[in-house]
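As the structure is a computational prediction, the values presented were derived from the model and not from experiment.
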Amino acid sequence: MKKSMIGLAVVTAIPMFSTMQVAAAENAAQTIEKIQVTGSRIKRSDMETASPVTLIGADDIKAMGATSIDSVLQKMTATGGAMTNPGVNNGSGGNASINLRGLGSQRTLVLVNGRRMINSGTGAASTVDLNTIPVSMIKQIEVLKDGASAVYGTDAVAGVVNIILKNDFEGLDLNVNTAMTSKHDATENSIDFTVGTSFDKGNIVFGAQYTNRGQASQSDRDFSSCPLLEGANGLYCGGSSFSEGGHIQSNVTADILNKDGELEKTGVADDSGLSGLGGTLHRYTTAADAYNYSKSSYLYTPMNRLNITGLGTYELTDDTNFFSEFTYTKRWSEQQLAPQPINFAFNYDPSTMGNSLLGQTYDKRQVVNNAFVEDANGDYVTTPINYAAGDPISYRRRMSESGTRNYTQTVDTVRIVVGAEGVINDYSWDLSANFGRNDSVSKTSNLHNVSALKAAVDAGTFNPLNEADWAQANVNPYIYKEQESGGSQLFIVAGSLSGEMFELPAGYAAFAAGVEHRQEKAWQDPDSIAAQGLGNDPRIDPTSGGFDVDEAYVEFAIPLLADAPLAQSVELSAAIRAFDYSTFGSDNTWKLGLTWRATDELMMRAVRSTAFRAPTVDELYSGKAISYDGVTYPGADDQAEVTVGGNTALTPEEADTLTFGIVYEPEWISGFSMTVDYYDIEIENAISTYTSQFVVDQCINPSGTGTTLCENTGAFIRPDGRIVFNNQLRNIGSEKTSGIDLNLAYSFDALGVAWKAGLDTTYLDEYVVDTGAVIDYQGYVTNGSGGFADLKSNFHLTASSDSWDATYEARYIAGMDSFTCRNEPGKCIAPTTPSIVYHDISGSYMINDIVSVSAGVNNLFDKQPPYYSGNYDSNTDPFTYDVLGRRFFAGVNVKL
């Protein structure tokens with residue numbers, strides 16, 4: 001068997017790493033007698049398993065100028081959906097995540113050295129914040145693109161990311177890196193060093209990395225300088241109706257019939273109202289009075305991060321080693337949004353508020369025989385009506401006097417692993433304890449106690465219609481800084497045993513077995529004002545809870561055939577895991593895999609498994625809160641009052657996964673390899689919420705009475721026309737995704753240079769979500785859930801010699817349809833996005849044996865992110881597209 005065939009079973013990698021994987025596999029086969037590959041706990045003499053695994057090396061990370069691994073992993077074609085990154089300003093909390101198959105970050109398991117990483121970030125975290133992984137200490141990353149709950153337990157539904165650290169490093173490795181965009185913003189500076197030494201009985205490695213990332217503003221890019229709205233004449237700069245100077249609307253309502261003869265409870269004032277911008281009341285118009293919130297919002301969020309890592313091994317006896325791991329991360333991150341929008345209602349009292357409204361009018365729709373009157377064009381006929389004393393008023397205002405809303409997070413994450421491993425006869429064993437803790441403090445400045453402000457208005461001590469009352473000195477008593485704290489804690493005790501059981505005609509049967517006890521807890525304490533609902537938002541309850549679980553697993557590798565016609569080797573793999581959770585009880589999950597190497601050129605593989613995801617502490621115990629969701633129903637307000645939060649009755653998500661494919665390395669093309677893998681993942685009992693409009697459509701009518709959905713939500717219409725229901729998390733949904741991964745890799749020598757080329761492509765066949773309404777997101781870009789392109793492809797070409805290397809990369813994202821426009825695309829100006837190709841170049845040069853330099857340009861041609869109707873933020877989708885544009889990076893490396 002050719003050496004290069006070793007490892008092809010694990011090559012379905014992104015092209016920028018694909019050719020590296022073959023070389024890494026060859027080296028592993030030459031220097032390591034038995035190794036453990038992500039996806040299996042059985043140590044093997046090669047890297048072949050039934051599941052597709054991608055290897056990403058430290059050199060590949062360096063070639064991209066990356067100082068955090070999210071920027072590496074999120075470029076994989078197997079990723080999709082919402083992946084939090086520095087380009088997500090609104091709601092990111094400074095976190096970074098990986099989302100394999102677009103199934104959600106909570107369904108991708110993240111390991112460090114094969115063991116669980118503490119859930120981290122802000123609040124009661126449900127996923128791992130990738131900022132906690134020190135890039136400078138990474139030896140390689142193994143990405144398993146298959147379900148692996150039978151091997152690793154909960155969360156390994158879409159796949160596993162295993163970050164392997166430099167635990168055997170010797171010498172000194174020092175790096176100084178810098179980066180900036182062609183707009184001279186979003187600067188990023190990083191310095192790191194790694195030192196390691198070996199002695200007779202062990203090895204110690206210590207590393208530290210400090211990263212400073214600057215910001216970019218939406219106002220500094222043409223595509224995001226103002227919120228784009230769509231009108232009859234095309235796109236125009238719009239903004240928020242919560243505008244400077246105040247936005248006044250009549251709040252008079254009446255019960256009347258709409259044009260279809262159905263009861264409609266609606267405001268009789270027009271949709272525009274009055275604006276106080278400029279100090280003089282006038283009719284509100286979007287073009288002149290809407291607030292441009294982009295000018296105050298970040299396009300790219302700043303962060304400072306310190307990573308400290310220590311790894312050590314010590315030989316206790318000839319057959320027993322002690323090992324330890326320590327990682328600590330401190331993160332300071334920021335986001336910035338426009339000044340807070342506030343709103344409240346009051347009754348107009350000219351005696352205390354002045355007569356400024358008495359000379360103003362609003363448009364009242366004409367009603368005849370309980371129906372609106374329409375003109376020949378179908379527009380409502382209105383009559384100007386004077387504001388009068390006692391009129392109910394809805395008041396909105398952008399609090400620019402107080403300044404921008406500034407969000408800051410200080411997050412501390414520590415992880416400590418200690419254990420021992422050894423050999424007894426022919427069996428390997430290990431015992432370990434894994435402790436992790438994440439603590440966060442989040443602050444938001446320049447918020448307003450709207451309840452106190454409204455009380456002052458009602459008492460007549462604050463006049464909202466008098467612009468002088470909104471002077472900064474008068475507003476200061478109502479400003480507060482919100483502060484909340486949260487965290488997570490993890491403790492695991494685990495033990496395992498592995499080795500060969502007996503010899504069969506085709507080879508030795510092997511096994512791995514183990515037991516684990518895990519405890520998790522999490523908490524989140526909201527600010528006191530938020531907890532009482534005294535700000536501009538509804539009240540928030542605290543989160544607190546935990547659980548423990550006992551698990552046992554066993555895995556087998558059974559050789560079935562060897563050296564037979566069209567069957568050089570055939571191996572069956574099997575695993576089963578039993579678990580008992582304190583929250584929901586006991587169950588099990590299993591896996592079956594088959595590898596069939598027909599010839600030196602061709603191998604086939606397949607895996608069938610079940611997977612599960614236990615509900616997290618946040619999903620179980622998060623406090624109740626109120627969300628106001630947009631809905632449409634005759635006779636009802638256009639915003640429903642929805643109770644959201646955790647649910648202690650949740651049970652695990654259950655998944656069936658299937659992957660099968662081929663690995664082909666033809667002898668007639670030396671250095672060429674190809675892998676093709678099909679994947680299919682079906683999730684039942686998914687933890688989700690109903691779509692609010694679906695609840696309204698099903699329950700706010702006589703036929704909905706008595707259905708399970710309506711009983712669960714308790715949906716009803718209050719006398720004031722507000723729809724009210726409960727939409728806490730439930731096991732109500734299902735998700736299904738399938739597709740094909742294709743990888744081509746080619747290594748050759750020409751012109752005295754070594755060349756490596758690769759092409760990696762993922763085709764998404766379907767991504768169907770059922771939470772009452774069945775929706776296939778394949779080919780759509782959404783508002784808040786990212787994009788699900790049906791085709792993504794990465795191309796990679798590297799040329800290298802003894803002292804230099806150069807790399808060109810191209811990343812393709814197919815065009816997508818706007819999910820918002822799916823029903824009526826003709827009403828949207830941009831119902832689709834074009835296909836996008838990003839081009840990157842990089843290179844390095846060794847000045848001598850000690851010093852080398854590197855540099856590169858990402859997004860070489862400054863490709864701007866596309867606008868689409870119904871976008872998420874910055875007039876585009878920052879989860880999917882590059883918002884920075886052309887970015888230069890450079891670095892110096894010193895090795896001793």
Colleague: Do the side chain of Ser71 and the main chain of Ala66 share a donor and acceptor less than 3.5 angstrom apart?
Modeller: no
Colleague: Would you find a donor on one side and an acceptor on the other, under 3.5 Å apart, between the side chain of Asn175 and the backbone of Asn893?
Modeller: no
Colleague: Should the ring pair Tyr746 and Phe672 be called parallel, tilted or perpendicular, given that the plane angle runs from 0 to 90° and is split at 30 and 60?
Modeller: perpendicular
Colleague: Between the main-chain N or O of Thr84 and the side-chain N or O of Gln74, is there a donor-acceptor pair closer than 3.5 Å?
Modeller: yes
Colleague: Can you tell me if Asn99 uses its side chain to pair, donor with acceptor, with the backbone of Gly80 under 3.5 Å?
Modeller: yes
Colleague: Checking side-chain polar atoms at under 3.5 Å, does Ser190 have a donor or acceptor matched by the opposite partner on Thr67?
Modeller: no
Colleague: Has Trp755 got a side-chain atom pairing as donor or acceptor with Ala750's backbone, closer than 3.5 angstrom?
Modeller: yes
Colleague: Can you check whether Thr79's main-chain N or O pairs, donor with acceptor, with Lys792's side chain at less than 3.5 Å?
Modeller: yes
Colleague: Report yes or no: does Arg101 contribute a side-chain atom to a donor-acceptor pair with the main-chain N or O of Arg107 at less than 3.5 Å?
Modeller: no
Colleague: Does a donor on one side chain and an acceptor on the other come within less than 3.5 Å for Asn794 and Asp760?
Modeller: no
Colleague: Please step through side-chain contact (heavy atoms from CB on, under 4.5 Å) for the pair Glu325 and Val418, ending with a clear verdict.
Modeller: CA-CA 7 Å; Glu325 304 171 12; Val418 294; over 6 Å; no
Colleague: Run the ring-ring contact (aromatic ring centres under 6.0 Å, His included) test on Tyr872 and Phe879 for me, step by step, so that the C-alpha distance in whole Å, both residues' side-chain angles and the decisive distance to 0.1 Å come before the verdict.
Modeller: CA-CA 9 Å; Tyr872 174 67; Phe879 294 113; 5.2 Å; yes
Colleague: For the pair Glu334 (side chain) and Tyr407 (backbone), establish whether a donor and an acceptor sit closer than 3.5 Å, ignoring hydrogens and angles.
Modeller: no
Colleague: Just jot down the side-chain hydrogen bond (donor to acceptor under 3.5 Å, both in side chains) partners of Gln335, sequence neighbours excluded, or say none.
Modeller: Gln409
Colleague: Would a 4.5 Å heavy-atom cut-off, applied to side chains only, mark Leu73 and Val161 as touching?
Modeller: yes
Colleague: Could you tell me whether Asp185 and Arg221 have a side-chain N and a carboxylate O separated by less than 4.0 Å?
Modeller: yes
Colleague: According to side-chain hydrogen bond (donor to acceptor under 3.5 Å, both in side chains), who are the partners of Ser844, at least two apart in sequence or on a separate chain?
Modeller: Asp805
Colleague: Knowing that exactly one of Thr408, Val411, Asn304 qualifies, which makes a side chain to side chain contact (heavy atoms under 4.5 Å, CB included) with Trp332?
Modeller: Asn304
Colleague: How far apart are the C-alpha atoms of Thr313 and Asn321, what are their side-chain angles, what is the distance that settles it, and do they pass the side-chain hydrogen bond (donor to acceptor under 3.5 Å, both in side chains) test?
Modeller: CA-CA 7 Å; Thr313 60; Asn321 286 333; over 6 Å; no
Colleague: Not counting sequence neighbours, which residues clear ring-ring contact (aromatic ring centres under 6.0 Å, His included) with Phe861? List them please.
Modeller: His839
Colleague: Does Asn858 use its side chain to pair, donor to acceptor, with the backbone of Arg887 at less than 3.5 Å?
Modeller: no
Colleague: Do any N or O atoms from the side chain of Asn131 and from the backbone of Gly94 form a donor-acceptor pair under 3.5 angstrom?
Modeller: yes
